[in-house]
Every structure is written in C-alpha cells, then in structure tokens.
Amino acid sequence: MSVDQIPAVGDGEEAKAAPVAVATAAAALRTYPVAPGYRVNVRSGPGTGYAVVRVLSEGASVSIGCQTPGTRVSGPYGTTNIWDAIGAGQYVSDAYVRTGSDGYVAPRC
C-alpha cells in the first residue's frame, strides 16, 4: 500500500481543529516589547489601584495571554483602558506595550 492510499481515520474533525490549535500556540509564543527606557509595573489586576507584584526591567518583552478593560492610563503608546494579562494575576497597561495596535490584539479575558 502506498502513502497515497492510506485511509483516513476518524471523522476529520481533528484536521479541522489542528489549524486553530497551531494558531493559538503561535499567538501564545508571540512577544511584544515594553516601551524603551521604561520599567513597567506589573499589577495584580487590570488597574492602577491593584498592588504591584513585580516590575519589568527596561528592554523586557511580554507575551499577552488575553486583554481586558481597566483603569485608563496614558503612556508612550497613547492613552488606553486596555490591560494585558501576561501571567496569572499579572497585568500591565497596554499603553506601555508596543503591540502595533490601538485595539485588542489578543482574546478578551
């Protein structure tokens, strides 16, 4: 039997789902740089009223898992209420992350 004649196994749903999984994994691996010259506070929630859990060093890059609205912040990339979730209980204002967009670039949290 040649490779061309191997019968398909399953109902084909796995093949349809595979591109979505690959796209999701690729998005999770994408990183965005923090504004040059800034040390950015990482907060426990999407707003300036939440506790600072750590500080990103100058030149850091972040992966954005999801985004959510929160406190409006002005920074080097404009004024926005979008907050980027970069880990469990870790949020940074999108005003300090160079995503190349004024809107959402990741799913909403």
Side-chain angles (χ1 to χ4, degrees):
M1 178 184 276
S2 74
V3 174
D4 299 286
Q5 298 174 346
I6 295 175
V9 177
D11 60 6
E13 290 302 312
E14 297 88 359
K16 293 176 188 171
V20 172
V22 170
T24 302
L29 296 177
R30 182 162 184 189
T31 60
Y32 300 91
V34 171
Y38 288 88
R39 296 182 65 214
V40 176
N41 290 333
V42 179
R43 297 187 176 270
S44 61
T48 56
Y50 289 89
V52 175
V53 294
R54 66 185 176 114
V55 178
L56 297 175
S57 60
E58 290 184 35
S61 291
V62 296
S63 293
I64 301 172
C66 61
Q67 295 176 299
T68 190
T71 305
R72 193 168 210 55
V73 173
S74 293
Y77 297 119
T79 299
T80 185
N81 72 333
I82 298 174
W83 285 74
D84 306 329
I86 61 169
Q90 299 180 47
Y91 295 83
V92 295
S93 172
D94 198 59
Y96 288 88
V97 180
R98 186 169 165 231
T99 61
S101 172
D102 288 338
Y104 289 86
V105 297
R108 289 210 182 193
C109 299

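Closest heavy-atom contact between S74 and A95: C-CB, 4.2 Å. Smallest separation of non-hydrogen atoms from P46 and T68: CB-CG2, 3.6 Å. Considering every non-hydrogen atom in both C66 and A106, the closest pair reads CA-CB, 4.1 Å. Annotation for Y96 and V73: closest pair CE1-CG1, 3.9 Å, computed over non-hydrogen atoms. Taking each heavy atom of Q67 and V105 in turn, the nearest pair found is OE1-N, 2.7 Å.
Checked against N41 for a side chain to side chain contact (heavy atoms under 4.5 Å, CB included), the options V55, L56, V92 give a single hit: V55.
Under the rule for a side-chain hydrogen bond (donor to acceptor under 3.5 Å, both in side chains), S44 has no partner lying at least two apart in sequence or in another chain. Applying the side-chain hydrogen bond (donor to acceptor under 3.5 Å, both in side chains) test to S57 and every residue at least two apart in sequence or in another chain returns nothing.
Counting only heavy atoms from C-beta outward, the side chains of D84 and Y32 never approach each other to under 4.5 Å. Residues D102 and T80 fail the side-chain proximity criterion, which asks for heavy atoms closer than 4.5 Å. Contact check for Y104 versus P69: side-chain heavy atoms found under the 4.5 Å cut-off.
Checked by atom type and distance alone, the side chain of R43 never pairs as donor or acceptor with a backbone atom of Y91 at under 3.5 Å. Looking only at distances, a side-chain donor or acceptor of W83 sits under 3.5 Å from a matching main-chain atom of T71.
No single ILVMFWY cluster, assembled from side-chain heavy atoms under 4.5 Å apart, contains both Y38 and I82.
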